[in-house]
Amino acid sequence: MQYSFKAIEEKWQAFWAKNQTFKAGFNSDKPKYYVLDMFPYPSGAGLHVGHPLGYIASDIYARYKRHKGFNVLHPQGYDSFGLPAEQYAIQTGQHPAITTETNIATYRRQLDQIGFSFDWSREFRTSDPNYYKWTQWVFIQLFESYYCNTDDKAKPIAKLVEVFKTNGNAAVNAVCDDDTEQFTKEEWNAFSEKEQQHILLKYRLTYLAEAEVNWCPELGTVLANDEIVNGVSERGGHPVVRKKMTQWMMRISAYAQRLLDGLETIDWTDSLKESQRNWIGRSEGASVTFKVKNCSQNHTIDVFTTRPDTIFGVSFMTLAPEHELVNTITTSEQQQAVDDYVKASAKRSERERMADVKTISGVFTGAYAEHPFTKQPIPIWIGDYVLASYGTGAVMAVPCGDQRDYDFAKHFSLEIPNIFEGVDISEQAYTEKGNTAITNSDFLNGLSYKKATKRAIFELETISQGKGKINYRLRDAVFSRQRYWGEPFPVYYVDGLPQMVDAKHLPIELPEVDNYLPTENGEPPLGNAKIWAWDTTTHNVVANDLIDNKTIFPLELNTMPGWAGSSQYFNRYMDPNNDDEIFSKDAVNYWQQIDLYIGGSEHATGHLLYSRFWQKFMFDLGLVPADEYAKKLINQGMILGTSAFVYREENTGKYYSKGLIADKKVQAIHVKVEYVNASDELDIEGLKTDAEFGEDYKNAEFVLENGVYKVGRDVEKMSKSKYNVVNPDEICAKYGADSLRLYEMFLGPLEQYKPWNTSGITGVHNFLKKLWKLYVDDNGFKITDTEPTKDNLKTLHKTIKKVEDDIENFSFNTSVSTFMIAVNELTAQKCTSKAVLEPLLVLFSPYAPHIAEELWEKFGHSQSISTAQFPIFDAAHLVESSKEYPISFNGKMRFKLEMPLDISKDDIEKMVLAHEKTQAQLQGRTPKKVIVVPGKIVNIVG
RNA sequence: GCUGAAGUGGUGGAAUUGGUAGACACGUUGGACUUAAAAUCCAAUGGCCAUUAUGGCCGUGCGGGUUCAAGUCCCGCCUUCAGUACCA
């Protein structure tokens with residue numbers, strides 16, 4: 001009987017689907033375990049072999065946990081809103097929903113053929129109104145909440161309105177855009193509805209604001225910071241410019257400290273946590289207020305500094321060119337110069353400014369500020385090294401203590417007072433925060449960094465010109481996109497003010513449009529919709545031309561960004577078909593949070609940060625029991641493609657084999673990897689008859705070396721455009737899903753980036769054939785009830801131990817090797833014993849579930865192997881008596897003991913001492929002293 | 001610049017708390033089986049030297065150090081990858 005993987009895999013995939021083998025429900029007898037993959041965006045290209053890597057790993061772990069007696073939740077779905085489907089719609093007019101549906105069908109077929117143990121009954125798509133209803137719902141909750149600093153949590157905005165009515169905002173300690181604005185209860189109650197709403201927007205956790213955003217003209221939409229890479233859009237690589245626009249924002253900054261603190265409680269990789277820490281960018285220091293001299297309106301400039309101890313070293317101030325006071329304070333003599341400078345720097349894009357760090361530029365405003373303590377005048381400059389978007393957009397310049405201030409001062413010949421005792425600052429600034437005493441600094445004289453900082457803050461607070469402050473780099477996230485294919489906002493506008501649709505009328509479904517481009521007057525694509533107005537009496541979406549501004553109002557034209565749908569999906573899996581609630585209390589209390597989350601590290605400062613923010617918000621509302629949603633997170637590495645190149649000589653057009661290039665002027669051209677064999681030889685005939693590119697090479701001349709054409713190779717990201725994509729369909733057809741699964745794990749450590757090389761798959765494929773032969777030969781199933789030998793049991797238990805350790809540590813690659821060794825050993829031992837080969841199957845089954853099920857059935861089991869218990873390791877089988885397995889004597893001073901490490905130190909000492917005594921007696925010498933050191937090796941010291 | 005990860009044969013990669021470096025697999029070479037190929041099986045495979053055989057020396061990016069013992073620990077460099085950056 002041959003190992004016919006095709007029939008076996010089809011059979012068991014059908015069996016799992018029919019019996020809903022992996023359907024998860026409440027089960028109080030078993031502990032729960034929740035394993036989740038980052039759900040995919042279903043792109044038109046389908047899966048390549050790199051995509052399933054993380055899914056295979058999580059599937060192995062999920063299956064393992066089932067064997068270990070856990071009730072496992074392992075769902076899957078689709079993050080189906082996104083740009084590619086919309087771009088396709090723009091080009092072809094096909095509705096993105098249709099494209100998405102087609103792509104999902106392909107994804108599902110490809111996923112199914114790999115044999116994942118997903119609970120498909122819980123599948124959902126973020127673009128399904130039944131799902132995005134709840135995305136809209138969370139948005140409304142955010143709108144109806146503010147952040148209370150006293151309780152350090154989000155609370156209903158209605159509570160805040162109560163306080164305003166009775167006490168004004170003097171005693172309110174909440175996160176607000178403008179913490180200088182003060183009003184009494186009388187003032188509040190006298191405000192118009194519009195004025196009140198305007199104020200509340202400054203407190204709401206999602207709010208409408210005029211903000212400087214990253215606008216991508218090419219894509220016609222704004223982008224979040226994490227959607228921009230090196231100054232161009234992540235998707236498509238289009239340029240991005242800064243632009244002021246009214247946008248929905250998420251007040252994630254209110255959660256900055258909690259997002260930072262939460263990292264300490266979760267088991268995520270250090271590099272990922274570090275990325276998030278950097279992104280949040282906490283720095284401690286002080287805010288200092290400088291009064292502008294000779295200013296009729298008493299203007300002040302606030303700065304943030306991490307070095308309040310250097311306050312007496314301030315010799316000038318620098319404002320960002322965009323700073324709001326630039327125009328107000330500039331003197332008439334300097335007006336022209338300042339205008340020119342501001343205009344020039346506005347022209348330069350952010351990217352140019354970043355690229356050009358070395359050129360120092362700036363201009364004097366003619367105005368002076370007053371030093372808070374010395375009252376000396378401080379010239380106010382403008383310089384583009386100060387960023388409007390960080391801190392307050394203004395700095396107090398301390399040239400002796402900051403290199404950029406120092407360079408600026410040198411360039412414009414400004415004063416550089418030294419406030420560091422015995423430090424030479426003639427060449428560069430002294431930026432260390434050491435124990436150097438401060439001098440020329442009045443009350444700070446003689447103090448070191450730490451003490452001076454404390455004292456400076458104290459003195460600033462005394463004169464009410466500053467206070468200790470913690471600044472975060474993390475900025476509020478723009479939540480609007482000017483696109484069609486995203487969640488519509490449940491928002492309509494009355495007199496220009498946003499109103500939420502009552503939650504019970506959700507979802508607000510995406511309207512039909514006949515054009516997916518922005519409208520002629522620049523509105524987002526939803527501006528093309530004809531039925532897109534909200535009727536507040538019937539609570540329905542109605543035609544735009546019915547808008548009467550009394551009961552029927554315009555709806556929001558923006559849609560939500562890509563990360564909206566993925567920010568709470570992991571909770572929805574717990575109760576995905578609930579129409580009445582986002583999820584039931586019972587469900588969330590049972591499943592709690594994700595135990596293991598697997599996905600790519602590229603989401604470090606996007607999805608993985610935003611979703612933590614949503615979870616904390618939902619925790620504040622009492623909706624979820626945990627304020628972190630994923631206990632453990634693993635970033636799977638990427639599988640890279642091995643591209644192949646031919647070399648075309650520029651003048652002759654001949655293609656030279658790699659070894660013949662020498663110093664010829666050649667151009668390297670990607671060719672499809674399927675025409676290249678393991679020895680890097682090109683199948684020229686295949687290439688010439690290729691359906692897509694055959695024409696290009698039909699008449700080409702290939703110059704061979706030693707009778708073959710050798711291609712060049714390079715490891716790159718798998719991509720259609722590089723022709724190095726390997727399709728899992730082909731692998732499954734040729735070697736089977738079990739081979740694919742094993743090989744992807746065998747390639748290397750899960751977290752690592754590694755190149756794919758199809759030729760290596762024969763190794764694991766042969767292993768599966770050998771495994772099959774261990775159970776089945778020409779006469780059929782060959783397992784017997786024979787007593788296992790000691791060798792058999794040793795192999796089995798060695799394997800149990802290793803595989804269990806490997807899975808717990810997520811080193812799946814080494815356990816594949818362990819299997820190979822086990823099968824080789826048992827084959828050599830001619831083992832047919834049921835007592836060994838049956839439990840062994842359970843070890844394999846997470847990795848190669850199809851073959852395991854097939855053989856399991858041959859043992860007479862009617863239930864899936866996934867119900868079987870993981871075999872229990874028994875160290876006794878590894879401890880051999882010294883008679884049969886003498887302690888091996890190796891070299892001059894070391895013994896190696898073949899036994900498990902959990903045997904006690906004393907036992908080893910006794911055994912080795914006994915052995916040494918016999919040896920000594922035989923050799924007629926005195927026994928050496930035995931010292932056992934941790935590890936496998938025993939030292940004998942003479 | 002800063003932060004994080006990593007440098008081991010021709011290749012992917014093993015090596016537990018410091019304990020026989022190169023497991024396992026690919027590839028390569030030789031052999032068996034075949035008219036032949038594929039498939040399968042067997043053997044060899046870090047480098048250098050030596051051989052009838054046993055063997056010897058060198059080897060984990062580089063230079064030091066600790067130790068009976070270092071891929072692993074410490075100090076100083078180099079290189080690669082990833083993230084981030086006039087962050088005050």
Side-chain angles (χ1 to χ4, degrees), chain A residues 225-226 229-230 269-279 281-283 285 288 303-307 310 317-318 320 353-360 383-387 389-398 401-405 407-408 431 471-473 601-602 604-605 635 637-638 642 678-680 713 715 742-743 746-749 751-767 769-770 773 801-802 805-806 809 811 813-821 824 888 890-897 900-901 931 933-942:
Chain A
N225 286 334
D226 68 278
V229 180
N230 296 330
T269 61
D270 287 339
S271 68
L272 198 139
K273 287 193 203 178
E274 202 55 36
S275 293
Q276 293 208 346
R277 280 192 200 106
N278 289 339
W279 196 260
R282 177 190 153 110
S283 44
V288 186
V303 301
F304 173 74
T305 177
T306 53
R307 299 293 303 274
T310 63
M317 296 187 77
T318 317
R353 267 168 78 169
M354 267 161 45
D356 180 23
V357 183
K358 281 171 199 87
T359 317
I360 295 165
D384 67 3
Y385 80 95
V386 178
L387 303 177
S389 51
Y390 182 77
T392 61
V395 299
M396 58 175 225
V398 183
D402 182 285
Q403 194 57 44
R404 288 153 305 167
D405 296 344
D407 294 340
F408 194 86
T431 55
N471 198 51
Y472 298 93
R473 197 184 81 106
S601 58
E602 66 272 20
T605 51
N635 293 126
M638 203 180 280
T642 313
S679 318
D680 296 349
R713 308 226 80 161
V715 173
L742 279 168
Y743 188 52
F746 183 70
L747 272 177
E751 286 101 329
Q752 201 164 296
Y753 279 57
K754 55 226 166 217
W756 175 270
N757 178 5
T758 303
S759 63
I761 201 171
T762 52
V764 292
H765 189 63
N766 284 343
F767 154 71
K769 286 192 208 164
K770 282 186 208 165
K773 279 189 197 158
K801 177 97 174 94
K802 185 74 166 68
D805 288 352
D806 282 347
N809 295 317
S811 32
N813 54 326
T814 47
S815 36
V816 178
S817 299
T818 307
F819 290 145
M820 291 178 177
I821 295 165
N824 283 340
S888 61
N890 177 37
K892 284 157 198 136
M893 56 190 303
R894 279 181 294 199
F895 284 92
K896 185 182 176 187
L897 299 172
L901 292 177
I931 298 168
V933 294
K936 281 194 278 193
I937 302 299
V938 177
N939 283 354
I940 302 211
V941 181

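In what follows, chains carry the letters A, B, and so on, assigned in the order in which the sequence lines appear, proteins first and then strands, with residues in each chain numbered from 1. Just so you know, these numbers come straight off a predicted model, no measurement behind them.
For A:Lys754, the listed nucleotide lying nearest its side chain is B:G12; candidates were B:G12, B:A88, B:G27.
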- Verdict with reasoning, A:Val764 to A:Met820, per side chain to side chain contact (heavy atoms under 4.5 Å, CB included): CA-CA 8 Å; A:Val764 292; A:Met820 291 178 177; 3.6 Å; yes
- Should A:Val303 and A:Met317 be marked as a side chain to side chain contact (heavy atoms under 4.5 Å, CB included) after you check the CA-CA gap, both sets of side-chain angles, and the distance that decides it? CA-CA 9 Å; A:Val303 301; A:Met317 296 187 77; 3.6 Å; yes
- Task: Mind running side chain to side chain contact (heavy atoms under 4.5 Å, CB included) on A:Thr758 and A:Tyr743 for me, showing each step along the way?
- Result: CA-CA 9 Å; A:Thr758 303; A:Tyr743 188 52; over 6 Å; no
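Nucleic acid contact for A:Ser817: base, since at least one base atom lies under 4.0 Å from a heavy atom of the residue. Within 4.0 Å of A:Thr818, counting heavy atoms only, lies no atom of the nucleic acid at all.
A:Leu747 CG to A:Trp756 CH2: the interatomic distance, rounded to the nearest 0.5 Å, is 6.0 Å. Rounded to the nearest 0.5 Å, atoms OG1 (A:Thr814) and CZ (A:Phe819) are 10.0 Å apart. For the atom pair CD1 (A:Ile821) and CZ (A:Phe767), the distance works out to 10.5 Å, reported to the nearest 0.5 Å. Taken from CG in A:Leu742 to CD1 in A:Ile761, the straight-line distance is 9.0 Å, to the nearest 0.5 Å. Taking CE of A:Met638 as the reference point, atom CD of A:Gln752 lies at 13.5 Å (rounded to 0.5 Å). Rounded to the nearest 0.5 angstrom, A:Lys769 NZ and A:Thr762 OG1 are separated by 9.0 Å.
Base orientation at B:G9 is syn, since its O4'-C1' glycosidic dihedral falls within 90° of 0.
Taking atom P in both B:C33 and B:U17, one finds a spacing of 49 Å when rounded to whole Å. Rounded to a whole angstrom, the distance from the C1' atom of B:A32 to that of B:C48 is 32 Å. Rounded to whole Å, the P atom of B:U72 lies 16 Å from the corresponding atom of B:G76. Distance check on atom C1': B:G13 versus B:A21 gives 13 Å, rounded to whole Å. Taking atom P in both B:U40 and B:C49, one finds a spacing of 35 Å when rounded to whole Å. Of the C1' atoms belonging to B:G12 and B:G27, the separation is 11 Å, rounded to the nearest Å. Using C1' as the reference atom, B:U16 and B:A70 are 16 Å apart when rounded to the nearest Å. Separating the C1' atom of B:A15 from that of B:C24 is a span of 12 Å, rounded to the nearest Å.
Both A:Lys770 and A:Gly760 lie close to RNA chain B; mapped to their nearest nucleotides by heavy-atom distance, the more 5′-ward contact belongs to A:Gly760. Where A:Ser275 and A:Thr305 meet RNA chain B, the nucleotide closest to each residue was compared, and A:Ser275 sits on the side nearer the 5' end.
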- Here RNA chain B, pairs taken as Watson-Crick or G-U under 3.5 Å and shown with ( ), [ ] when crossing and | when to another strand, reads (((((((..(((......[....)))((((((.......))))))((((.....))))..(((((..]....))))))))))))....
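Side-chain nitrogen and oxygen atoms of A:Asn766 include at least one within less than 4.0 Å of the OP1 or OP2 phosphate oxygen of B:U40. Look at A:Arg473 and you won't find any side-chain N or O under 4.0 angstrom from OP1 or OP2 of B:A88. Between B:A5 and A:Gln752, no contact under 4.0 Å exists linking OP1 or OP2 to a side-chain N or O. Regarding contacts with the backbone of B:A14, a side-chain N or O of A:Asn813 is found under 4.0 angstrom from either OP1 or OP2.
Separating the CG atom of A:Asn824 from the C1' atom of B:A25 is a distance of 11 Å, rounded to the nearest angstrom. Going from atom CE of A:Met396 over to atom P of B:A88 covers 12 Å, rounded to whole Å. Summarising the geometry, the separation between NZ on A:Lys769 and C1' on B:A38 is reported as 11 Å, rounded to the nearest angstrom. Summarising the geometry, the separation between CD on A:Gln276 and C1' on B:A82 is reported as 16 Å, rounded to the nearest angstrom. In this structure, A:Met820 places its CE atom 14 Å from P of B:A14, rounding to the nearest Å. When rounded to the nearest whole Å, the span between CD of A:Glu274 and P of B:C81 equals 21 Å. Between the CG atom of A:Leu747 and the C1' atom of B:C26 there is a distance of 11 Å, rounded to whole Å. As rounded to whole Å, 16 Å separates atom C1' of B:C87 from atom CD of A:Gln403.
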